[in-house]
Chemist: 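Starting off with a structure, shown below.
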Amino acid sequence: MKGRFIAILVLLFKIVIATPALLKNGEPSQYLGNNASIKGLPDLISLETARELLDQIDKHDKGCIIEFDEKGFEYDVHPATCGYGGEMYTCTLSQTILMRDADSVTSIAYDGKRIITRLYGSWSSPYDRRTFKNQNEVAIDHIVPLYEAWISGICRWGADKKREFGNDVRHLLAVSRTSRDIKVHYAPPWYVPFWYACEYAKVWIQIKKHYDLIMDYPGEYNSLVTALNTCES
């Protein structure tokens with residue numbers, strides 16, 4: 001009987017260790033690793049700056065015909081650190097963006113090594129104005145898609161530059177999984193979110209200029225001009 005009692009205690013101990021802990025009623029801290037301290041994209045440029053940079057982006061075709069290598073961007077493969085409820089946890093880059101862009105984070109689940117396994121809260125997708133309470137319905141979008149960056153010139157850069165682009169939080173945004181899947185790798189004019197056209201265009205221009213990417217699609221320039229005009233309406 002004594003041996004059975006000890007065995008039960010050992011089993012219960014293993015279950016407690018293996019089961020993710022749930023931290024409730026905390027407030028999401030700022031996203032660590034950059035200067036984003038509020039919900040949404042950091043360092044969003046002004047309308048005036050966006051228009052100036054748009055005219056500076058190279059419009060000539062110097063794109064890339066090298067086979068696309070998504071793994072070279074190393075997106076979300078390195079651990080990050082997240083703050084929540086006054087405590088520090090190991091997390092992924094995607095989770096930091098989910099925390100940054102959430103309307104609220106009501107709780108987190110984490111394992112025995114303090115690695116976050118799941119977030120609970122509410123998210124509003126700026127692309128389609130839908131709200132979700134299930135993390136699985138939210139995805140992280142590269143505003144300038146990896147494939148678009150590749151064919152626009154980043155294929156010629158070294159590993160460090162590709163990794164920087166792939167994990168640049170200035171154009172990572174939590175949106176509905178549906179809208180992200182509809183967008184895939186399309187560039188303006190084939191995809192500009194109607195409800196988010198102004199901000200989308202600003203970020204697109206900022207990122208393309210920063211990484212010296214070309215405007216390789218017919219109509220890309222004109223569609224961005226149109227999107228910027230919505231900033232004033």
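Count residues from 1 along the sequence.
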Chemist: With no hydrogens and no angle check, is any side-chain donor or acceptor of His142 less than 3.5 Å from a backbone partner on Gly166?
Modeler: yes

Chemist: Glu220 and Trp204: side chain to side chain donor-acceptor pair (under 3.5 Å), yes or no, with the steps?
Modeler: CA-CA 11 Å; Glu220 183 177 351; Trp204 187 279; 2.9 Å; yes

Chemist: Can you give me the closest heavy-atom contact between Ala80 and Leu93, atom names plus distance?
Modeler: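 Here Ala80 and Leu93 meet closest at CB-N, 4.3 Å.
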
Chemist: Is there side-chain contact between Ile143 and Leu41, with heavy atoms separated by less than 4.5 Å?
Modeler: yes

Chemist: Are Trp150 and Phe68 close enough that their ring centers fall under 6.0 Å?
Modeler: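 Yes, close enough.
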
Chemist: Quick check: does any side chain N or O of Trp123 sit under 3.5 Å from a backbone N or O of Asp103, one acting as donor and the other as acceptor?
Modeler: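 Such a contact is absent between Trp123 side chain and Asp103 backbone.
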
Chemist: Ignoring hydrogens and angles, tell me if any N or O in the side chain of Arg177 forms a donor-acceptor pair with the backbone of Val138 under 3.5 Å.
Modeler: yes

Chemist: Let me confirm one number: the OG-OH distance from Ser176 to Tyr127, rounded to the nearest 0.5 Å.
Modeler: 9.5 Å

Chemist: Between the side chain of Asp58 and the main-chain N/O of Asp212, is any donor-acceptor distance below 3.5 Å?
Modeler: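 No; zero donor-acceptor contacts below 3.5 Å.
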
Chemist: Quick check: does any side chain N or O of Arg100 sit under 3.5 Å from a backbone N or O of Ala174, one acting as donor and the other as acceptor?
Modeler: no

Chemist: Are Arg118 and Ile108 side-chain neighbours, meaning at least one heavy-atom pair lies under 4.5 Å?
Modeler: no

Chemist: Is the backbone N or O of Gly72 less than 3.5 Å from a side-chain atom of Arg163, with the two atoms forming a donor-acceptor pair by type?
Modeler: no

Chemist: How far apart are the closest heavy atoms of Val77 and Glu74, and which atoms are they?
Modeler: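 In terms of heavy atoms, the two residues are closest at CG2-O, 3.3 Å.
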
Chemist: Of all residues at least two apart in sequence or in a different chain, which pass the ring pair (Phe, Tyr, Trp, His ring centres under 6.0 Å) check with Tyr211?
Modeler: Phe165

Chemist: For a quick test of reading the model, state the closest non-hydrogen atom pair linking Arg180 to Ile140 and the distance between them.
Modeler: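 For Arg180 versus Ile140, the nearest heavy atoms are NH1-O, 3.3 Å.
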
Chemist: Do the non-hydrogen side-chain atoms of Met99 and Tyr84 ever get within less than 4.5 Å of each other?
Modeler: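 Met99 reaches Tyr84 side chain to side chain.
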
Chemist: What is the distance from atom CG of Leu98 to atom SG of Cys82, rounded to the nearest 0.5 Å?
Modeler: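 Here the rounded value is 9.5 Å.
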
Chemist: Kindly compute the distance separating OH (Tyr75) from CG (Leu172), expressed to the nearest 0.5 Å.
Modeler: 5.5 Å

Chemist: Can you list every salt bridge (charged side-chain N to carboxylate O under 4.0 Å, His left out) pair that touches residues 137-152, not counting sequence neighbours?
Modeler: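 Salt bridge (charged side-chain N to carboxylate O under 4.0 Å, His left out) check on residues 137-152 returns Asp141-Lys183, Glu148-Lys208.
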
Chemist: On the 0 to 90° scale, with breaks at 30° and 60°, tag the Tyr89-Tyr110 ring pair as parallel, tilted or perpendicular.
Modeler: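 The arrangement is tilted - the two ring planes meet at 30° to 60°.
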
Chemist: Looking at Thr117 and Ala109, would you say the former's side chain and the latter's main chain have a donor-acceptor pair under 3.5 Å?
Modeler: yes

Chemist: Residues in ring pair (Phe, Tyr, Trp, His ring centres under 6.0 Å) with Phe194, at least two apart?
Modeler: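 Ring pair (Phe, Tyr, Trp, His ring centres under 6.0 Å) list for Phe194, sorted by chain: empty.
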
Chemist: Quick check: do Tyr200 and Leu173 have side-chain heavy atoms less than 4.5 Å from each other?
Modeler: no

Chemist: Do Arg170 side-chain atoms and Pro42 backbone N/O form a donor-acceptor pair below 3.5 Å?
Modeler: no

Chemist: Give every residue pair that meets the disulfide bond (SG atoms under 2.5 Å apart) criterion with at least one member in residues 165-197, sequence neighbours excluded.
Modeler: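 Qualifying pairs: none.
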
Chemist: Compare all side-chain heavy atoms of Thr92 with those of Thr96 and state whether any distance is below 4.5 angstrom.
Modeler: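 Result no, sub-4.5 Å side-chain heavy-atom pair not found.
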
Chemist: Could you measure the distance from the NZ atom of Lys162 to the CG atom of Asn167? Nearest 0.5 Å is fine.
Modeler: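 Going from NZ on Lys162 over to CG on Asn167, the span is 14.0 Å.
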
Chemist: Search all heavy atoms of Leu224 against all heavy atoms of Met215 and return the closest pair with its distance.
Modeler: CD1-CE, 3.4 Å

Chemist: Taking all non-hydrogen atoms of both residues into account, name the closest pair between Ser179 and Ser125 and its distance.
Modeler: OG-OG, 4.0 Å

Chemist: Can any side-chain N or O of His185 pair as donor or acceptor with the backbone N or O of Pro145 at less than 3.5 Å?
Modeler: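 Here the side-chain-to-backbone pair does not exist.
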
Chemist: Quick check: does any side chain N or O of Gln95 sit under 3.5 Å from a backbone N or O of Ile116, one acting as donor and the other as acceptor?
Modeler: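 Yes, the answer is positive, given that a donor and an acceptor are paired below the 3.5 Å cut-off.
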
Chemist: With side chains defined as the heavy atoms from C-beta onward, is the minimum distance between His210 and Gln206 less than 4.5 Å?
Modeler: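 No - every pair of side-chain heavy atoms lies 4.5 Å or more apart.
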
Chemist: Check side chain to side chain contact (heavy atoms under 4.5 Å, CB included) between Ile115 and all other residues, then give those that pass, not counting sequence neighbours.
Modeler: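 In terms of side chain to side chain contact (heavy atoms under 4.5 Å, CB included), with neighbours along the sequence ignored, Ile115 is linked to Thr90, Asp111, Lys113.
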
Chemist: Could you tell me the separation between the SG atom of Cys198 and the CG atom of Leu47, rounded to the nearest 0.5 Å?
Modeler: 6.5 Å

Chemist: According to ring pair (Phe, Tyr, Trp, His ring centres under 6.0 Å), who are the partners of Tyr221, at least two apart in sequence or on a separate chain?
Modeler: none

Chemist: Which heavy atom in Asn134 sits nearest to a heavy atom in Asn136, and how many Å separate them?
Modeler: OD1-N, 2.9 Å

Chemist: Atom CD in Gln135, atom OH in Tyr120: separation rounded to 0.5 Å?
Modeler: 8.5 Å

